[in-house]
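All values derive from a computational prediction rather than experimental measurement.
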Amino acid sequence: MRADRILLAHGSGGTMMKELIEELFVAEFGDEVLLRMDDAASLPFPGARLAFSTDTYVVHPLFFPGGDIGRLAICGTVNDVATSGATPLYISVGFVLEEGMPVEELKRIIVSMHDAAAEAGVRIVTGDTKVVERGHGDGVYINTAGVGVLPDGLDLSGSHCKAGDVVLLSGTLGDHGIAVISTREGLSFSTDIRTDAAPLSALVAAVLAAAPDVRCFRDPTRGGLASTLNELASASGVSITVEELSVPVNDQVRGACEMLGYDVFQVANEGKMVAVVPADEAEAALGAMKAAPYGAEAVVIGTVAEGPAGKVYVRTAFGATRIMDMLVGEQLPRIC
């Protein structure tokens, strides 16, 4: 690693986080399942195949337009399990509470988690609680782990993309990142944008039913669409070209990004799904995505080509082509 100390950028979803994962965690743990680097691990289990995923949530502030850390924690893990094509079933929850946190705030978060789990059809079946001294936390941090069951024979992975495939996106980019950043102290702007945090397991199931040869699903969270597509292009050894005019972005999100100097392709989302599908199944997949919950604004945004391997391009409104880079450094710390 280039850095000798952990920086905020090591949690950004960009190149420094990729370096941390590959050069420390993967190098030491190195299990063949882990090496696939998918959002959920697909595991053999007597009589079934399981999908298993975990994530930790440190978003600041705890409450933001349209959501809170609790909804985020449930939806994020449900979506990570769903990207494997599994049906999410069970969730564990670990709380790290800071001494002095108002109980009413914790109640709001717990109710939100219950509602999100009910919407997703998952059960919260185990958990843990720790309390740290005042000043050693930020109210609450939450870890969730999720387990789901995989259909027989299904093997989705970011390494399965092929030349000629089509890239779908389930809706507008950047809503979550801008909703959270608009509440941060010291920023003198406001928007009507609300977080897009939502469980997408029903959407994934609908697309799989309509397009059984789907290559992979990914939710473009930290690092946004740019990191997601770069990871897919690198894992599959292909290139991906995105049509800029096809990517839906709310006007207020676009305006906020221009004001703050953000690339909307690198802003975090918590309720959007990317699907890569064979061209002959793209129409059916798009129709299913648009008909599913949270997919009404789904569109085709790009295509996959043979090479150069690992490159992602944007074809701009003026017909020019530029590189879509992964996020370098930290754009929006503690966004999820």
Side-chain angles (χ1 to χ4, degrees), residues 11 21 25 28-29 31 33-34 36-60 62-63 67-133 136-152 154 156 195 197-205 217 219 221-222 270-271 334-336:
I21 292 172
F25 301 146
E28 191 65 31
F29 299 150
D31 187 276
V33 176
L34 181 63
R36 289 170 60 114
M37 301 292 284
D38 291 322
D39 283 346
S42 300
L43 305 170
F45 197 76
R49 291 169 59 235
L50 302 181
F52 182 35
S53 187
T54 187
D55 209 338
T56 301
Y57 297 84
V58 298
V59 66
H60 174 76
L62 300 178
F63 302 92
D68 54 63
I69 189 173
R71 180 172 177 80
L72 200 59
I74 297 296
C75 294
T77 293
V78 164
N79 293 343
D80 281 345
V81 172
T83 58
S84 68
T87 301
L89 295 176
Y90 303 111
I91 295 269
S92 74
V93 177
F95 293 97
V96 179
L97 305 173
E98 182 185 10
E99 179 187 25
M101 180 187 185
V103 172
E104 281 303 314
E105 288 190 4
L106 183 57
K107 284 183 178 177
R108 285 177 60 190
I109 291 168
I110 292 171
V111 169
S112 181
M113 296 178 79
H114 170 270
D115 292 346
E119 182 182 357
V122 297
R123 296 166 57 190
I124 299 172
V125 294
T126 188
D128 182 51
T129 304
K130 297 290 189 299
V131 180
V132 297
E133 299 91 336
H136 288 255
D138 202 358
V140 59
Y141 302 141
I142 300 175
N143 173 269
T144 47
V147 174
V149 175
L150 281 158
D152 287 341
L154 185 66
L156 306 181
T195 177
L200 301 177
S201 47
L203 181 148
V204 168
F217 294 96
D219 52 337
T221 55
R222 285 171 296 170
E270 291 292 341
R334 298 183 59 184
I335 204 71
C336 61

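For the pair Ile91 and Met113, the minimum side-chain heavy-atom distance is 4.5 Å or more. Contact annotation: the side chain of Asp38 never approaches that of Ser84 to less than 4.5 Å [non-hydrogen atoms, C-beta and beyond]. Inter-residue side-chain proximity for Phe63 and Ile109 is flagged as met; some heavy-atom pair is nearer than 4.5 Å. Side-chain contact between Asp219 and Thr83 is present, with heavy atoms from C-beta onward closer than 4.5 Å. When side chains are defined from C-beta on, Glu270 does not count as touching Cys75, because their heavy atoms never get closer than 4.5 Å.
Within 6.0 Å of CZ on Arg36 lie more than 12 heavy atoms contributed by other residues, nucleotides or ligands.
A pairwise comparison of heavy atoms in Ser42 and Val33 identifies O-CG1, 4.1 Å as the closest pair. Of all heavy-atom pairs spanning Tyr57 and Ile69, the tightest one is O-CD1, 3.5 Å.
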Does Leu62 form a side chain to side chain contact (heavy atoms under 4.5 Å, CB included) with Met101? I'd like the steps, not just the answer. CA-CA 11 Å; Leu62 300 178; Met101 180 187 185; 4.1 Å; yes
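Proximity of a side-chain donor or acceptor of Thr54 to a complementary backbone N or O of Thr144 within less than 3.5 Å is detected. The backbone N or O of Asp39 sits nowhere less than 3.5 Å from a side-chain atom of Asp80 that would complete a donor-acceptor pair.
Taking the charged nitrogens against the carboxylate oxygens, Glu105 and Arg108 have no contact shorter than 4.0 Å, which rules out a salt bridge.
When the options Ile142, Val131, Val103 are evaluated for a side chain to side chain contact (heavy atoms under 4.5 Å, CB included) with Leu97, the one that passes is Val131.
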